[in-house]
Amino acid sequence: KNAPTRFSTWISQYDVSIRRGKFMMALQALFKAKALDPKSSELFVRIVELKQKQFSSSGSLTSSASVLQEVFESERCKLLHWDNNSVDNNTTLSDFVSNVASSIRNDKNANLALRIAVAKAMVSCGIGTKADAISIITVDKLQICGVTLEACKDALSYLKELGGDVDNTMEASQEWEDLIAQYFPMANWDK
């Protein structure tokens, strides 16, 4: 391995492994990435992705599925442990996402990219309402870490993607758009 102490090495290793169907290598890459940056949004997204993909396509998994299941179940507590939340052997993906959501909701050190990833995971896992997902992103406005123009664009895009079926979605989108314009007055962000 080249650059084993770089987070991006292990995230790339995960991406390649999962694409090739090598779930054990993907799992190993996540553990190594977690050791380097345990609160990364990229790591969170991949943990959710692995858990969602886990054994969903049983035709593509052979005997390694049972081995992966054993390893994953025995090591799941380490992988699903986020911050100071307690995790036991019965923790599900929904529990994990809920725990992360509650731990970052009022944490100004939780960056915007992580907030977006958690909001997306909440919606995809059916946790809470769309309003809850919106509040994860917008609760502290732009007074949080990791506020970049790109992250703000991603947040705005996701708020608009949630659609108008929630009364406050359009209002939140417009408010977010106004905040971006104030925070980045010289940026051309293509409204």
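Keep in mind that the numbers below use all heavy atoms, side chains included, and drop hydrogens, waters and symmetry copies.
Side-chain atoms of Ser157 never come within 3.5 Å of backbone atoms of Lys153 as a donor-acceptor pair (strictly under, hydrogens ignored). Panel note: side chain Trp10, backbone Leu30; no donor-acceptor pair is recorded below 3.5 Å. A donor-acceptor contact shorter than 3.5 Å is absent between the side chain of Asp154 and the backbone of Ala151. In this structure a side-chain-to-backbone donor-acceptor pair under 3.5 Å is missing from Lys141 to Leu179. In terms of modelled atom types and a separation under 3.5 Å, the side chain of Asp140 and the main chain of Gln143 share no donor-acceptor contact. Arg115 places a side-chain N or O within 3.5 Å of a backbone atom of Ile104 that can act as its donor or acceptor partner. Proximity of a side-chain donor or acceptor of Lys34 to a complementary backbone N or O of Leu79 within less than 3.5 Å is detected.
Distance check: Leu159 CG to Trp176 CH2 gives 7.0 Å after rounding to the nearest 0.5 Å. Atom CD of Glu175 is separated from atom CD of Glu171 by 7.0 Å, given to the nearest 0.5 angstrom. The distance from the CZ atom of Phe184 to the SG atom of Cys152 is 4.5 Å, given to the nearest 0.5 Å. Here the CG-SG distance, from Leu114 to Cys145, works out to 11.0 Å after rounding to the nearest 0.5 Å. Rounded to the nearest 0.5 Å, atoms OH (Tyr14) and CD (Glu49) are 3.5 Å apart. Between the OG atom of Ser41 and the CG atom of Asn111 there is a distance of 5.5 Å, given to the nearest 0.5 Å.
The shortest non-hydrogen separation linking Val123 to Ala133 is CG2-CB, 3.8 Å. Minimum interatomic distance between Ile136 and Ala101 (heavy atoms only, all atoms of both residues): CD1-O, 3.6 Å.
Looking at Gln28 and Ser17, their side chains never come closer than 4.5 Å, going by heavy atoms from C-beta outward. Using a 4.5 Å heavy-atom cutoff, the side chains of Leu43 and Asp37 are not in contact. Proximity of Leu112 to Thr148: side-chain heavy atoms (C-beta onward) are nowhere separated by under 4.5 Å. Put simply, the side chain of Ile180 reaches to within 4.5 Å of the side chain of Leu149, judged on heavy atoms. The side-chain heavy atoms of Met122 and Asp132, taken from C-beta on, include a pair separated by under 4.5 Å. Taking the side chain as every heavy atom from C-beta outward, Leu36 and Lys32 never approach each other to under 4.5 Å.
Placement of Leu93 and Leu27 within a single hydrophobic cluster is found when ILVMFWY residues are connected by side-chain heavy-atom separations under 4.5 Å, directly or transitively. The hydrophobic cluster containing Leu50 does not contain Val16, counting ILVMFWY residues as joined when their side-chain heavy atoms lie under 4.5 angstrom apart, directly or transitively. The cluster map of Ile, Leu, Val, Met, Phe, Trp and Tyr, joined by side-chain heavy atoms under 4.5 Å apart, puts Val139 and Val97 in different clusters. When hydrophobic clusters are built by joining Ile, Leu, Val, Met, Phe, Trp and Tyr residues whose side-chain heavy atoms come closer than 4.5 Å, directly or via intermediates, Tyr158 is not grouped with Val45.
Taking the charged nitrogens against the carboxylate oxygens, Lys120 and Glu161 have no contact shorter than 4.0 Å, which rules out a salt bridge.
In this structure, a donor-acceptor pair under 3.5 Å is present between the side chains of Asp95 and Thr92. Counting only N and O atoms by type, the side chains of Asp178 and Gln174 include a donor and acceptor under 3.5 Å apart.
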